[in-house]
Structures are given as C-alpha cells and as structure tokens.
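Here's the structure, in structure tokens; my notes come after.
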Amino acid sequence: MRKIEHIGIAVKDLKASNDLFRRLLGKDSYKEEEVAGEGVLTSFFQVGDTKVELLEASRPESPIAKYLEKRSEGVHHIAFDVEDIHAEVLRLKAAGFEILNETPKSGADNKLVVFLHPKSTNGVLVELCQERN
Ligand SMILES: CC[C@H](C(=O)O)C(=O)SCCNC(=O)CCNC(=O)[C@H](O)C(C)(C)COP(=O)(O)OP(=O)(O)OC[C@H]1O[C@@H](n2cnc3c(N)ncnc32)[C@H](O)[C@@H]1OP(=O)(O)O
Ligand SMILES: [Co+2]
C-alpha cells in the first residue's frame, strides 16, 4: 500500500454534494465519471496527494443505493493505491482477509480495483486501486 488513493463518500445528490465540497475544499471537482458496471456516478476532488470521491447510485441495485437505504450519507470506503494489485490480493488472501472480487475490475479514474469485505477489515470497506497502464 503506497498511500491513501481516495476516501469514498456516499451521497444522495451528486450535484448538491459537489457544491458543498466545492465550498468546503475551495476548489472544483476535477472529474465526474459514471462506472456503469458498479452502478455509480463519481465526482473527484484532489486534496494534496489524495482525493475525495463522491458517489451517487446510478441504479437501484447499486451498492451505494443499498448502503443509503440503511444509513445516512457519509464515508463509504477507504481506497489504497497499490503497485501490483494481483500480488496484493495474494498477500491479503494469505493473511486471512476476505477478498470480494479476486479478479480486479474496472474502477473510476483509470484504475483497476479490488474490494475487501468490511467484516475482515474492522468494519471499514477497503478498496485497492492500481493505475491502469
Ligand atoms: C469501482 C468504482 C469506484 C472507484 O473507486 O473506482 C468505487 O469506489 S465504487 C463503490 C461502490 N462499490 C462497492 O462498494 C463494491 C464493494 N461493496 C460490496 O460488495 C457490498 O457493498 C458489500 C459486500 C460491502 C456489502 O453488501 P451487502 O449486500 O452484504 O450489504 P449489507 O448491507 O447486507 O452489509 C453486510 C454487512 O457489511 C456492512 N457494510 C456494508 N457496506 C459497508 C460499508 N461501506 N462500510 C462498512 N460496512 C459495510 C453492513 O453494515 C453489514 O454488516 P452487519 O454487521 O452484518 O450489519
Ligand atoms: Co472508490
């Protein structure tokens, strides 16, 4: 794990939350991107060498929709930047962590991503991100 790549925040209304974070951070989002496979609309703010990722559900069965059915808006996951996502999956699996998708899938912002189940990570949903070449 090289650094925290982003903090994912589940929101109900991406436009309203973009405005709020623009006022909070004093800067605009640098990218909005839909990840259809994940059922999310994302918006990214650069903060030093890490990012805030706002996430709105793009369809009812999205993990974000399910999350918001049970909870209020807020921090949804922590993403770590890794150099070799395949090696990290093997390392973490051997260390006893539950990997939700052993085969990396396409994420936002030109990444390959893997998620770990929060029950094996102290209740925090963890995402691994590797920059696509
Ligand atoms: C990839 C695009 C983008 C990017 O960065 O590039 C993203 O970040 S997309 C983010 C959205 N996608 C995901 O979150 C994918 C991984 N998530 C999942 O597979 C599910 O959400 C899962 C397995 C974490 C939970 O799904 P499930 O259907 O099991 O939901 P439950 O409500 O039944 O929860 C079971 C259990 O887990 C706890 N939980 C659920 N979500 C979270 C969370 N975000 N953080 C911490 N804990 C979470 C929930 O409280 C339940 O615990 P329990 O003790 O049983 O109540
Ligand atoms: Co994320």
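When a ligand or atom number is given, it counts from 1 through the structure's own listing order. The shown structure was predicted, so the numbers you read here are calculated from the model rather than taken from an experiment.
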Measure from [atom] to every heavy atom in [options] and give the option owning the shortest one.
atom                    : options                     : answer
atom 6 (O) of ligand 1  : Ala10, Ala108, Gly39        : Ala108
atom 30 (O) of ligand 1 : Glu33, Lys66, Glu5          : Lys66
atom 23 (C) of ligand 1 : His117, Lys70, Glu38, His76 : His117

Check whether [X] reaches the backbone of [Y] with its side chain - one donor and one acceptor, N or O, closer than 3.5 Å.
X      : Y     : result
Ser43  : Glu32 : no
Thr50  : Ile4  : yes
Ser120 : Glu98 : yes
Arg59  : Ala36 : yes

Using only heavy-atom distances, determine whether the side chains of Glu53 and His77 contain a donor-acceptor pair under 3.5 Å.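 His77 and Glu53 do have a side-chain donor-acceptor pair below 3.5 Å.
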
Stepwise salt bridge (Lys or Arg N to Asp or Glu O under 4.0 Å) check, Glu56 with Lys12: CA-CA 6 Å; Glu56 180 186 304; Lys12 292 175 184 152; over 6 Å; no

Exercise check, heavy-atom protein proximity under 4.0 Å to [atom]:
atom                    : result
atom 34 (O) of ligand 1 : no
atom 45 (N) of ligand 1 : yes
atom 25 (C) of ligand 1 : no
atom 20 (C) of ligand 1 : no
atom 16 (C) of ligand 1 : yes
atom 54 (O) of ligand 1 : no
atom 8 (O) of ligand 1  : yes
atom 28 (O) of ligand 1 : yes

Please determine whether a side-chain nitrogen of the Lys or Arg among [X] and [Y] lies less than 4.0 Å from a carboxylate oxygen of the Asp or Glu.
X     : Y      : answer
Arg23 : Asp19  : no
Lys66 : Glu69  : no
Lys51 : Asp109 : yes

Gly107 to Val113 - nearest heavy-atom pair and separation: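 Nearest pair, atom of Gly107 first, then Val113: CA-CG1, 3.9 Å.
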
Could you report the tightest heavy-atom contact between Ser58 and Val40, atom names first, then the distance?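 Minimum heavy-atom contact is OG-N, 3.1 Å.
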
Applying a heavy-atom cut-off of 4.0 Å, say which part of [X] lies close to ligand 1: side chain, backbone, both or neither.
X      : value
Lys119 : neither
Leu100 : side chain
Pro118 : side chain

Qualifying residue, where the test is side chain to side chain contact (heavy atoms under 4.5 Å, CB included) with Phe80 and the options are Glu127, His6, Met1: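 Of Glu127, His6, Met1, side chain to side chain contact (heavy atoms under 4.5 Å, CB included) with Phe80 is met by Met1 alone.
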
Report the residue from Ile7, Asp28, Asn18 that forms a side chain to side chain contact (heavy atoms under 4.5 Å, CB included) with Phe45.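 One option only clears the test, and that one is Asn18.
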
Any chance [atom1] of [X] has more than 12 other-residue heavy atoms, nucleotides or ligands included, within less than 6.0 Å?
X     : atom1 : result
Glu83 : CD    : no
Asp84 : CG    : yes
Lys3  : NZ    : yes

Which atoms of ligand 1 are found less than 4.0 Å from any heavy atom of [X]?
X      : result
Pro63  : 12 (N), 13 (C), 14 (O), 21 (O)
His6   : 5 (O)
Gly107 : 1 (C), 6 (O)

So is [X] in contact with ligand 1, going by heavy-atom distances below 4.0 Å?
X      : answer
Thr42  : no
Gly123 : yes
Arg71  : yes

Is there any N or O on Glu53 that sits under 3.5 Å from an N or O of ligand 1?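 So ligand 1 has an N or O lying under 3.5 Å from an N or O of Glu53.
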
Could you tally the protein N/O/S atoms lying less than 2.8 Å away from the Co ion (ligand 2)?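 If we list every protein N, O or S atom nearer than 2.8 Å to the Co ion (ligand 2), we get 4.
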
